[in-house]
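Position 1 is the first residue of the sequence; numbering continues from there.
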Amino acid sequence: MAKTNGKGAGPDDEDAADLAEGRLRLDKWLWYARFLKSRSLAAKLCGSGAIRCGGTSITKAHHTVRPGDVLTFPLGNHIRVIKVLALGTRRGPAPEAQALYEDLAPPTPESRLPKAL
């Protein structure tokens, strides 16, 4: 990357470059899509190894997602299966967030995870 002011490229420059290439950090996408209340919670979920992207276990928050990726992860008492439709550029209102994904397996009472003993 080119240096413009004697310092390396900042996070905003890297995010803009990633968006231009059609990808976004997984933790940011989960936060933008309003699956988690904070980006730090999203990063913690990513680091736990509980998220799968296309069947591959993810252990880093900086893993990039692209439109068309299918994510599988536990959320509350359900396993969510989500197809990424768009990347988004901000954490907007709920209708804007819902346009970022397609829910391939919406939660139902029958799909609840069993309670731990």
Side-chain angles (χ1 to χ4, degrees):
M1 292 186 185
K3 293 182 180 180
T4 56
N5 60 359
K7 298 179 182 177
D12 292 334
D13 296 338
E14 292 172 9
D15 290 344
D18 281 346
L19 280 172
E21 292 178 20
R23 62 184 188 212
L24 185 66
R25 286 177 57 115
L26 178 56
D27 62 334
K28 275 191 164 186
W29 188 87
L30 288 167
W31 183 59
Y32 287 171
R34 293 185 163 267
F35 284 106
L36 296 151
K37 289 184 177 183
S38 69
R39 188 166 163 205
S40 61
L41 288 174
K44 194 177 291 187
L45 179 63
C46 294
S48 73
I51 297 181
R52 293 188 175 274
C53 181
T56 304
S57 182
I58 305 303
T59 58
K60 302 286 184 177
H62 66 264
H63 178 83
T64 56
V65 293
R66 298 172 186 267
D69 285 348
V70 176
L71 305 174
T72 306
F73 56 95
L75 190 63
N77 294 327
H78 300 282
I79 299 292
R80 304 298 302 264
V81 182
I82 305 297
K83 182 176 182 181
V84 177
L85 298 178
L87 298 179
T89 56
R90 67 184 187 128
R91 181 178 166 95
E96 184 178 317
Q98 291 165 350
L100 300 179
Y101 63 90
E102 176 184 354
D103 199 343
L104 300 177
T108 62
E110 299 83 33
S111 70
R112 290 181 67 112
L113 293 172
K115 291 183 179 180
L117 298 176

Separation between NE2 of H62 and CG of D27, rounded to the nearest 0.5 Å |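 H62 NE2 to D27 CG: 10.0 Å, rounded to 0.5 Å.
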For residues 80-107, run the donor-acceptor check on the side chains, cut-off 3.5 Å, and write out each pair with its distance to 0.1 Å, sequence neighbours left out.
residue, atom, partner, partner atom, Å
R80, NH2, D103, OD2, 2.6
R90, NE, E96, OE2, 3.1
R90, NH2, E96, OE1, 2.7
R91, NH1, W31, O, 2.6
R91, NH1, L36, O, 3.1
D103, OD1, A105, N, 3.4

Got a sec, which pairs hit salt bridge (Lys or Arg N to Asp or Glu O under 4.0 Å) with one end in residues 53-70, sequence neighbours left out?
->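 Sorted pair list comes back empty.
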Indicate every side-chain donor-acceptor pair of residues 45-53 with a distance under 3.5 Å to a residue at least two apart or in another chain.
residue, atom, partner, partner atom, Å
S48, OG, L45, O, 2.7
S48, OG, A50, N, 3.3
R52, NH1, G55, O, 3.1

Are L75 and V70 connected in the hydrophobic side-chain network, where two residues link if heavy atoms are under 4.5 Å apart?
->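 No, L75 and V70 fall in different hydrophobic clusters.
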Considering the options L71, I58, L30, which one meets the side chain to side chain contact (heavy atoms under 4.5 Å, CB included) requirement together with V65?
->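 Single side chain to side chain contact (heavy atoms under 4.5 Å, CB included) partner of V65 among L71, I58, L30: L71.
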